[in-house]
Amino acid sequence: MSSSLESPILRLQDLHAEFVTPEGIVKAVNGVSLSLRPGGTLAITGESGSGKTSIALSILNLLPHPGRIASGQIYFSEVDLLSLRAEEMRRVRGRRIGMVFQDPATGLNPVLSAGQQVEEIITTHLSVSKREARRRSLEVLAQMGLPEPEQVASRYPFQLSGGMAQRVMIAIATALNPELLILDEPTSALDVTIQAAILEDIDRLQERHGTSILLITHDLGVVAQMADEVAVMYAGAVAEYGPARILFERPRHPYTWSLLGSRPRWDRDERRRLASIRGAPPSLIDLPDECPFLPRCPKATSVCRTSPAPQLAPIDSDAQLVACYNPVYQAGDEEAAG
Ligand SMILES: Nc1ncnc2c1ncn2[C@@H]1O[C@H](COP(=O)(O)OP(=O)(O)O)[C@@H](O)[C@H]1O
Ligand SMILES: [Mg+2]
């Protein structure tokens with residue numbers, strides 16, 4: 001669905017991931033297909049629990065126990081990631097795909113200084129001298145907007161502010177210039193000013209190195225600022241998918257519309273959170289056969305109540321995909337589409 005002729009740097013095909021728990025199988029990711037063009041930014045958004053982090057962890061084969069990939073394919077620039085042996089995957093991770101994890105506990109090692117942690121990823125993957133590793137680590141810390149890299153490098157995680165710790169984690173993830181950078185809620189815990197500064201640093205890194213970015217965030221302001229394309233997740237599946245500009249202008253899925261609808265326009269440079277929608281998503285253990293958004297949907301019809309869950313399909317153009325039997329059209333759409 002990308003307009004680019006280049007083949008995607010990342011492509012998920014009908015990915016299913018689940019957690020096998022005593023209560024039952026939690027179907028965290030239910031048939032997700034996505035692609036990211038080289039140098040682009042694809043955002044995955046949606047409420048908490050919709051499966052965003054599970055997608056990111058699946059890509060790196062890091063789903064924690066009792067998680068597993070049940071089926072589907074993941075291609076990273078033509079490499080079938082699910083067919084790699086553990087050793088091969090370790091070489092891809094960190095070197096060709098960098099990741100900043102949502103869970104801070106997975107982020108920094110409390111007993112190593114910030115500088116040691118950046119150096120470690122460099123020496124793990126490249127045969128360079130200690131001195132060269134140090135030089136490079138200061139360089140990437142400086143690149144991440146840390147003005148006194150020597151000073152920051154000598155600090156331990158507990159001596160870093162939230163914003164600095166996040167920058168150090170991004171520095172580690174980008175130390176080897178990965179082709180793909182996965183950022184899971186990279187700025188969610190930070191205040192607005194620091195968030196904006198970090199997003200600018202990420203932007204600059206991307207521009208300089210042509211990095212492709214998979215950005216996971218529940219913050220639509222971050223999506224609006226960073227993404228070329230957006231996938232809106234609901235109950236482990238993509239509800240709507242397309243260029244960010246189009247989705248913000250003409251959301252067709254009632255879920256996307258609800259998230260955006262009660263809000264002012266999206267092209268303003270302001271921080272936005274998802275609007276809260278009445279009701280709760282379904283249990284991922286007992287997913288309904290029909291549309292998972294049905295109980296909360298303001299547009300549901302009898303077709304929705306009697307049909308299997310709708311599949312993603314093009315709407316208006318090939319660029320925009322929606323999984324809905326009764327998509328939203330509003331006055332003025334025709335002009336906007338023309
Ligand atoms: N380790 C786990 N064990 C059991 N269920 C999990 C585990 N991790 C995540 N889940 C479940 O998988 C679903 C998707 O979670 P997640 O991918 O973290 O969503 P998001 O990142 O969108 O908040 C949720 O229902 C969550 O409770
Ligand atoms: Mg998450």
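Both counts, for ligands and for their atoms, begin at 1 and track the order of listing. Computed from heavy atoms alone, side chains included, the values below leave out hydrogens, waters and symmetry copies. The model shown is predicted, which means the values in this text are computed figures rather than measured ones.
- Considering only residues two or more places apart in sequence or on other chains, Glu23 meets the side-chain contact (heavy atoms from CB on, under 4.5 Å) condition with Thr21, Ile285.
- Atom 8 (N) of ligand 1 has as its closest protein heavy atom Phe19 CZ, 3.3 Å.
- Under a 4.0 Å criterion applied to the non-hydrogen atoms of Ser48, ligand 1 contributes the atoms 23 (O).
- Applying the side chain to side chain donor-acceptor pair (under 3.5 Å) test to Glu150 and every residue at least two apart in sequence or in another chain returns nothing.
- For ligand 1, the atoms closer than 4.0 angstrom to any heavy atom of Ser50 are 19 (O), 20 (P), 22 (O).
- In terms of heavy-atom proximity, Ala173 sits nearest to Val100 at CB-CG2, 3.7 Å.
- Comment: Arg204 does not engage Glu207 in a salt bridge, judged by the lack of any side-chain N to carboxylate O separation of less than 4.0 angstrom.
- Listed by number with element, the atoms of ligand 1 under 4.0 Å from a non-hydrogen atom of Ala28 are 12 (O), 13 (C), 14 (C).
- Short contacts between ligand 1 and Thr53, defined as distances under 4.0 Å to a heavy atom of the residue, involve ligand atoms 17 (O), 18 (O), 20 (P), 21 (O).
- Ligand 1 places these atoms under 4.0 Å from at least one heavy atom of Ser54: 14 (C), 15 (O), 16 (P), 17 (O).
- In this model, a donor atom of one side chain and an acceptor atom of the other lie less than 3.5 Å apart for Glu47 and Tyr255.
- One finds the CG atom of Asp203 at 13.0 Å from the CD1 atom of Ile198 (value rounded to the nearest 0.5 Å).
- Counting only distances under 2.8 Å, and ignoring water, the protein N, O or S atoms around the Mg ion (ligand 2) are Thr53 OG1, Gln102 OE1.
- Of the charged side-chain nitrogens involved, at least one lies within less than 4.0 Å of a carboxylate oxygen, so that Arg136 and Glu132 count as a salt-bridged pair.
- At a heavy-atom distance under 4.0 Å, only backbone atoms of Glu47 (N, CA, C or O) approach ligand 1.
- Contact annotation: Gly49 has at least one heavy atom less than 4.0 Å from an atom of ligand 1.
- Under the side-chain hydrogen bond (donor to acceptor under 3.5 Å, both in side chains) criterion, the residue pairs touching residues 162-177 are Arg167-Asp201, Asn177-His209, with sequence neighbours excluded.
- For atom 11 (C) of ligand 1, the candidate residues are Val26, Ile216, Thr21; the nearest heavy-atom contact is made by Val26.
- Minimum interatomic distance between Glu185 and Lys52 (heavy atoms only, all atoms of both residues): OE2-CE, 3.7 Å.
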